[in-house]
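Report on the structure given below.
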Number of protein chains: 2
Amino acid sequence: MPRAGLDENFVLQAAAELADTLGADGVTLAVLAKRLNIRPPSLYNHIQGLPDLRRKLAVYGVDLLYREMKQALESGVSKPEKLQALVEAYLSFAERHPGLYELTQRSLGPEVRSAGEPIVQLMLEQLKQMGIYGRSAIHAVRGLRSILHGFVSLSKEEGFGLPYAWKESLDYTLRAFLKGLKTMAEGNK
Amino acid sequence: MPRAGLDENFVLQAAAELADTLGADGVTLAVLAKRLNIRPPSLYNHIQGLPDLRRKLAVYGVDLLYREMKQALESGVSKPEKLQALVEAYLSFAERHPGLYELTQRSLGPEVRSAGEPIVQLMLEQLKQMGIYGRSAIHAVRGLRSILHGFVSLSKEEGFGLPYAWKESLDYTLRAFLKGLKTMAEGNK
DNA sequence: CAATATAACTAATGGCATTAGTTTTGTAAA
DNA sequence: TTTACAAAACTAATGCCATTAGTTATATTG
């Protein structure tokens with residue numbers, strides 16, 4: 001192993017920092033190479049080009065998000081609090097890693113989806129604890145993910161305006177959604 | 001007026017078709033020029049460069065979406081049906097104009113947000129008809145938009161799998177959300 | 001200490017957006 | 001009808017980017 005000190009994971013980490021600093025489109029092989037003090041062609045020893053880098057970054061991001069969400073489950077005692085903790089972790093990740101988050105959403109093949117499976121499982125477990133399972137739970141998780149991603153996207157788009165109020169709207173929306181879920185679940189009994 | 005037959009609107013329309021055919025990133029000045037049978041620099045007589053084109057395309061798309069949603073209100077008699085018609089129009093637009101839709105979501109300044117204001121108004125009106133207004137309605141519209149955009153994004157990302165089932169999940173989610181909204185609204189009385 | 005694999009390098013190509021400067025052409029005034 | 005002007009096309013050139021091919025340097029392994 002010659003020229004140690006630079007492997008794929010290190011490259012990915014540097015690229016991730018670039019993404020969060022300059023935005024998802026700011027990640028170019030040129031600036032990444034400059035950042036690593038090598039010439040652009042040298043990058044091809046670690047990644048297979050820009051599309052490959054983007055794909056790997058997306059997987060890297062989804063996996064990081066999963067680990068942070070899992071970590072967040074440590075806090076929170078009751079069931080609803082645990083779900084709330086998952087929500088907070090998701091929002092926190094999107095805020096601290098805007099570029100990485102954006103890359104995870106630029107639909108890029110099946111490996112990114114696979115990497116997101118564990119996150120779905122995490123949510124399913126919490127919903128089960130709250131009495132929502134089976135077919136309803138599938139719908140509910142999709143709804144939950146949509147609400148979370150939707151709010152992140154929209155609040156980013158609107159940018160200024162009333163920054164903090166977005167959190168309030170999200171809480172309101174989640175409360176309404178969960179309340180409706182419970183009502184529907186009870187109706188099925 | 002020299003060399004008539006090519007104005008900004010025509011350019012935008014051609015670019016929109018390209019976006020929906022080749023994807024949002026497929027819109028380059030090179031292919032747009034080829035499509036219009038002119039050289040790339042000639043485009044600068046109608047637009048001020050690629051970022052400007054993207055911004056204008058986004059506004060173009062949001063406005064088109066608004067007009068289609070407004071049109072959709074013609075159908076549907078009862079209040080919930082009208083809201084449902086808005087939802088259908090939104091989904092239909094996203095499906096028929098994937099590239100244009102994507103461009104409307106790539107947050108690009110205040111003019112795009114302004115163009116989206118009428119859509120918010122459309123939703124607010126329907127919610128009012130359903131007994132949801134005031135501060136709650138603001139939250140509700142944000143929730144509604146998040147759910148819609150979230151589902152469009154996620155179903156696009158997942159791609160294969162169970163295509164049609166997404167619609168079912170969305171309906172389920174909307175039903176739960178609206179039910180929760182009503183419950184909360186009644187609770188405030 | 002020698003051999004090898006790995007990772008860096010230089011050089012070159014083609015595509016892209018963009019700018020500067022020039023030519024063409026349709027319309028409107030003389 | 002002719003002339004003048006302004007708008008929109010053009011050519012030429014620049015610089016940045018990703019990518020490929022071929023070469024050189026170096027760290028580890030035997």
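Throughout, a chain's letter reflects where its sequence line sits, starting with A, and its residues are numbered from 1.
- One finds a salt bridge joining B:D171 and B:K167 here, because a Lys/Arg side-chain nitrogen approaches an Asp/Glu carboxylate oxygen to under 4.0 Å.
- At whole-Å resolution of the value, CG in B:L36 and P in D:dA8 are 14 Å apart.
- Here C:dC16 is the nucleotide among D:dC17, C:dC16, D:dT19 with the atom lying nearest to any side-chain atom of B:A30.
- Classified by interplanar angle (parallel below 30°, tilted 30° to 60°, perpendicular above 60°), the ring pair A:Y172/B:H139 is tilted.
- In this structure, the side chains of A:T28 and A:L50 stay at 4.5 Å or more apart for every pair of heavy atoms.
- Between D:dC17, D:dC10, C:dC16, one nucleotide has an atom nearer to the side chain of B:T28 than all others, and that is C:dC16.
- The number of heavy atoms from other shown groups lying within 6.0 Å of CD (A:E81) is above 12.
- We find that CG of B:L32 is positioned 15 Å from C1' of C:dT18, with the value rounded to whole Å.
- In this model, the phosphate group of D:dC10 is approached by a side-chain N or O of B:R39 to a distance below 4.0 Å at OP1 or OP2.
- For the pair B:L6 CG and C:dG26 P, the interatomic distance rounds to 14 Å; values are reported in whole Å.
- Distance from the side chain of B:P41 is smallest for C:dT18 among the nucleotides D:dA18, C:dA11, C:dT18.
- Separating the CD atom of B:Q48 from the P atom of C:dT19 is a distance of 10 Å, rounded to the nearest angstrom.
- Comparing D:dA9, C:dT18, D:dT19 by their closest approach to the side chain of B:P40 singles out C:dT18.
- Remark: the B:N45 side chain and the D:dA7 base include no donor-acceptor N/O pair separated by less than 3.5 Å.
- Rounded to whole angstrom, the span from the CG atom of A:D7 across to the C1' atom of C:dT6 amounts to 13 Å.
- Closest to the side chain of A:H46, from the set C:dA17, C:dT18, C:dA8, is C:dA8.
- Between B:K34 atom NZ and C:dA17 atom P there is a gap of 11 Å when expressed in whole angstrom units.
- Among the atoms of the strands shown, base atoms are found under 4.0 Å from some heavy atom of A:S42.
- Aromatic ring orientation, A:Y90 versus A:Y101: perpendicular (interplanar angle above 60°, classes split at 30° and 60°).
- A:Y44 places its OH atom 18 Å from the C1' atom of C:dT6, with the value rounded to the nearest Å.
- As a whole-Å value, the separation of A:F10 CZ from C:dA7 P is 15 Å.
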